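Naming convention: chains lettered A, B, ... in sequence-line order (proteins, then strands); numbering from 1 in each chain. None of the values given here were measured: they were computed from a predicted structure. Hydrogens, waters and symmetry mates are skipped; everything else that's a heavy atom, side chains included, is used.
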Protein chains: 2
Amino acid sequence: MKHKDNHSSALAALKANVLKLTEMQEAEWEDFSSHWHYCSLEKGEYLIREGETERYFYYVISGVLRGYFLIDGEEICVGFTYDDDYSGSYDSFLSQRPSEWYLQAITDTRLLRISHSDLMHMFDQYKSVERWGRMFNAKILIGMSRRQLEVRSYTAEEKFERLMSQSPHIFQLVPQKYLASYLGMTPETLSRLRKKRK
Amino acid sequence: MKHKDNHSSALAALKANVLKLTEMQEAEWEDFSSHWHYCSLEKGEYLIREGETERYFYYVISGVLRGYFLIDGEEICVGFTYDDDYSGSYDSFLSQRPSEWYLQAITDTRLLRISHSDLMHMFDQYKSVERWGRMFNAKILIGMSRRQLEVRSYTAEEKFERLMSQSPHIFQLVPQKYLASYLGMTPETLSRLRKKRK
DNA sequence: CATTCAACTTGATATAGATCAAGTTCGCTT
DNA sequence: AAGCGAACTTGATCTATATCAAGTTGAATG
């Protein structure tokens, strides 16, 4: 029963994560967790494409995803998701309007997901889930504020140095060209900065 | 009773705004609204400064505010708030940690505000308020996603043109130097773009 | 293990927009 | 309405980073 084991250990991880933001009674958790289903993506597959409306909210068990939008044929990377984090085109999920960006697995990825209608139903039913939703949104929002400051305040070199010192592991997980885009520079510039640092 | 009139018409505006996001029973609204208090700022005064922790959540009745952060002595403008919108260093309010940015009134401003502890109490008490909180966070988050795309995808000239066509009124309300910073360019560059357009 | 294609590196050149330096205009204050 | 300072404009440079153009490496595949 490999699949079942996977699923229950994934749910345990999700549970720990959810309980960081809200208290929840055991019966509530039982019901809530029953709406999350296992799914997976192979390297290169898309979770969502521009123009599609996001019908699921995801929790990443393992793997790495990159989010990007496409402007005049150029891919602009907005972020990455790793294990023990949530994913999906969240603004599209919330507004239920077409996504403006893509989410692609850059390694094989295992996830749990809950559908929009199931989650809305959970919000209606349980105040604890409603609170989790509010707190989760708050957390994302705080992260986006930080990131906004980061993107706007620093030169290419400073952004590189800050990422280097704050998340060195990312340089192992993510190809340079995506990182360069994430940092708002060309791959050539990133390559030169790395050389300079050695 | 000028002040009282002010206050009750402001509350009516707030009520209409709140009801856009959630249903609320009349008794709930009565209680919720009793925690909002009137306050005002003169042009140039600060709603909050970097390092202070945001204790209030604001609703702007009239006036214009600008938000900015300060990096190496340079002010970087992140946004503006007008009437019928919410304000405050919202990430600081949510996390109850020191604000990383400033909020300054650029005209005389009238506001309503609710304290963090009162709002938390309201969240505990009413599911409808909890939902409003979640929906409100979602709305902010969606706006930030859009703005992120805007900031990262376009050249100075494109950003200028887009702002010109989407919010021409802003050019009347906000001094050029703040707008330039908001668009991520120097005042000189904005001036040249305006000239070019004529 | 040879081949191939994409990912990186490196160098030469181009350019958008910054910076520096005078003006000029506009809105307050007295 | 005169005078002042801040906000804008305009022009002349400067520079960080993009772009273009070859290489080189390296991982995946038959």
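- Look at NZ on A/K196: it is 9 Å from P on D/dT17, rounded to the nearest Å.
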Using a 4.0 Å cut-off on protein heavy atoms (strictly under), produce a 5'-to-3' string for nucleotides 17-30 of chain C with B for base contact, S for backbone-only sugar-phosphate contact, and - for none. SSBB----------
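- Note on B/E75 versus B/K177: no salt bridge recorded, every NZ/NE/NH1/NH2 to OD/OE distance being 4.0 Å or above.
- Looking at heavy atoms from C-beta onward, B/D108 lies in side-chain contact with B/E42 at the 4.5 angstrom threshold.
- Using a 4.5 Å heavy-atom cutoff, the side chains of A/I170 and A/L163 are in contact.
- Where the helix from C/dC1-D/dG30 to C/dT30-D/dA1 starts and where it ends, the local axes point in directions that differ by 50°; five pairs per end, rounded to 10°.
- Looking at heavy-atom distances under 4.0 Å, A/P175 makes contact with sugar-phosphate atoms alone, never a base.
- Between A/E158 atom CD and D/dA16 atom P the separation is 12 Å, expressed in whole Å.
- For B/K177, whose side chain is taken as the heavy atoms from C-beta onward, the closest listed nucleotide among C/dT10, D/dT10, D/dC8 is D/dC8.
- The separation between A/L193 atom CG and C/dG11 atom C1' is 16 Å, rounded to whole Å.
- In this structure, the CD atom of B/E161 is 16 Å from the P atom of C/dA16, given to the nearest Å.
- With salt bridges taken as basic N to acidic carboxylate O contacts below 4.0 Å, none links B/K159 and B/E150.
- What separates CZ of A/R194 from C1' of D/dT17 is a distance of 18 Å, to the nearest Å.
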Dump the intermediate steps for side chain to side chain donor-acceptor pair (under 3.5 Å) on B/Y126 and B/D31, then the final yes or no. CA-CA 10 Å; B/Y126 303 115; B/D31 189 7; 2.5 Å; yes
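- Taking side-chain N and O atoms only, A/K159 has no distance below 4.0 Å to OP1 or OP2 of D/dT17.
- Ion pairing of B/R131 with B/E23 is absent here, as no side-chain N (NZ or NE/NH1/NH2) approaches a carboxylate O to less than 4.0 Å.
- A salt bridge is absent between B/E157 and B/R162: the closest approach of a Lys/Arg side-chain nitrogen to an acidic carboxylate oxygen does not fall below 4.0 angstrom.
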Using the ring pair (Phe, Tyr, Trp, His ring centres under 6.0 Å) rule, take B/Y58 and B/Y86 through it: C-alpha gap first, then chi angles, then the decisive distance, then the call. CA-CA 5 Å; B/Y58 297 87; B/Y86 300 88; over 10 Å; no
